[in-house]
Amino acid sequence: MLVRFVCFTLLFLVVTASECEAFFNSTHNTDLLTPEAQPLFDDLIFHKGECGGHCNFADGFSCVTFDYDVYAFQLSNCTRDIFPLCMGRLEVTNNCETLKCCQQLNERVIGEVDDIVKYSNFNYYMKFYNEKSNEIACYDFSSNTRDHCVQYVDYGASSDFQACQLLDAQYNGIDDMAFELF
């Protein structure tokens, strides 16, 4: 009996691990992962919208300046008078309660963010949360429970005022970004 349980557990772990490896993730923009950048994402003002069915998204964006008085980066309005540095985050959910739904969300969102990918450096990743909204690893995700997932796209542009303007226009035209996922 114990042998069957161990075999079942190992099989479950192998299947879950291989399913988790199928997710597309790209976190090559290390500038967006720094301790200086991460808190700025929490300060963004997010526009929220629906993308069909149970799909919802939130998009936050701002230009960024360096404040020499406090020696830190701060969010600011986008103007030609400042050094062109900008960043944003797109979060997409679909009330997914299965790993398959999370995989579909991961696959579909990347096709809907062409402008972000074209005009900026970006990180594309999915996070998983348990029923208490605590972050968990993909292999700890349990389907058909209150575990859920969120697809994130962090993006930024530097030294390119035109790219920041295009990203700002996209952010301010959030209704144009509405897309039908499921």
Side-chain angles (χ1 to χ4, degrees), residues 22-96 101-129 135 148-182:
F23 285 91
F24 173 72
N25 289 298
S26 175
T27 54
H28 299 295
N29 187 341
T30 56
D31 291 340
L32 297 173
L33 301 173
T34 64
E36 295 81 17
Q38 286 298 303
L40 293 174
F41 286 114
D42 296 331
D43 294 337
L44 294 172
I45 297 172
F46 284 86
H47 291 161
K48 296 182 180 189
E50 296 179 357
C51 39
H54 298 289
C55 184
N56 295 290
F57 66 89
D59 189 21
F61 175 83
S62 180
C63 283
V64 179
T65 56
F66 190 79
D67 186 337
Y68 288 95
D69 292 335
V70 293
Y71 209 72
F73 286 101
Q74 300 199 350
L75 302 179
S76 65
N77 292 328
C78 297
T79 67
R80 282 198 174 275
D81 300 333
I82 63 169
F83 179 78
L85 182 63
C86 58
M87 63 188 296
R89 172 177 279 168
L90 175 66
E91 302 173 1
V92 185
T93 63
N94 196 47
N95 287 346
C96 289
C101 178
C102 292
Q103 288 172 329
Q104 289 174 332
L105 180 65
N106 177 259
E107 292 168 3
R108 297 287 301 273
V109 171
I110 192 67
E112 302 296 334
V113 294
D114 291 339
D115 286 343
I116 290 174
V117 172
K118 190 184 321 180
Y119 298 118
S120 71
N121 294 310
F122 70 98
N123 289 328
Y124 188 85
Y125 57 96
M126 180 165 279
K127 286 189 177 182
F128 301 90
Y129 301 92
E135 188 176 344
H148 58 282
C149 56
V150 178
Q151 181 64 56
Y152 291 90
V153 185
D154 293 346
Y155 56 95
S158 177
S159 302
D160 186 348
F161 187 76
Q162 183 179 7
C164 286
Q165 277 186 311
L166 291 167
L167 293 169
D168 187 36
Q170 178 176 329
Y171 168 73
N172 286 314
I174 194 77
D175 292 337
D176 296 336
M177 217 174 90
F179 44 84
E180 187 78 22
L181 284 179
F182 299 98

- Task: Would you check if the distance from the ring center of F66 to the ring center of Y71 is below 6.0 Å?
- Result: yes

- Task: Taking all heavy atoms of N121 and all of N29, pick out the closest pair and write down the distance.
- Result: CB-ND2, 2.7 Å

- Query: Shorter than 2.5 angstrom, is that how the SG atoms of C63 and C78 come out?
  - Reply: yes

- Message: With side chain to side chain contact (heavy atoms under 4.5 Å, CB included) as the criterion, how do D168 and L166 come out once you've worked through the C-alpha distance, each side chain's angles and the decisive distance to 0.1 Å?
- Response: CA-CA 5 Å; D168 187 36; L166 291 167; over 6 Å; no

- Query: Side chains of H148 and N95: does their closest heavy-atom pair fall under 4.5 Å?
  - Reply: no

- Query: Does Y152 have K127 sitting over its ring (NZ/CZ under 6.0 Å from centre, angle to axis within 45°)?
  - Reply: yes

- Message: Quiz question: by atom type and distance under 3.5 Å, do the side chains of D154 and Y125 form a donor-acceptor pair?
- Response: yes

- Item | Close side-chain approach of N56 and V92, heavy atoms under 4.5 Å | no

- Validation row, ring centre Y171 to ring centre F46 under 6.0 Å: no

- Message: Counting neighbours of CG on D67 that are heavy atoms of other residues, nucleotides or ligands and sit closer than 6.0 Å, is the number greater than 12?
- Response: yes

- Report yes or no: is the SG-SG distance between C149 and C101 under 2.5 Å? no

- Specify the closest pair of heavy atoms between A37 and L32, including all atoms of both residues, with the distance to one decimal. CB-O, 3.9 Å

- Hey, are the side chains of F61 and L167 touching, using non-hydrogen atoms and a 4.5 Å cut-off? yes

- Message: Could you check whether the SG atoms of C164 and C86 sit less than 2.5 Å apart, since that is the cutoff I want to apply?
- Response: yes

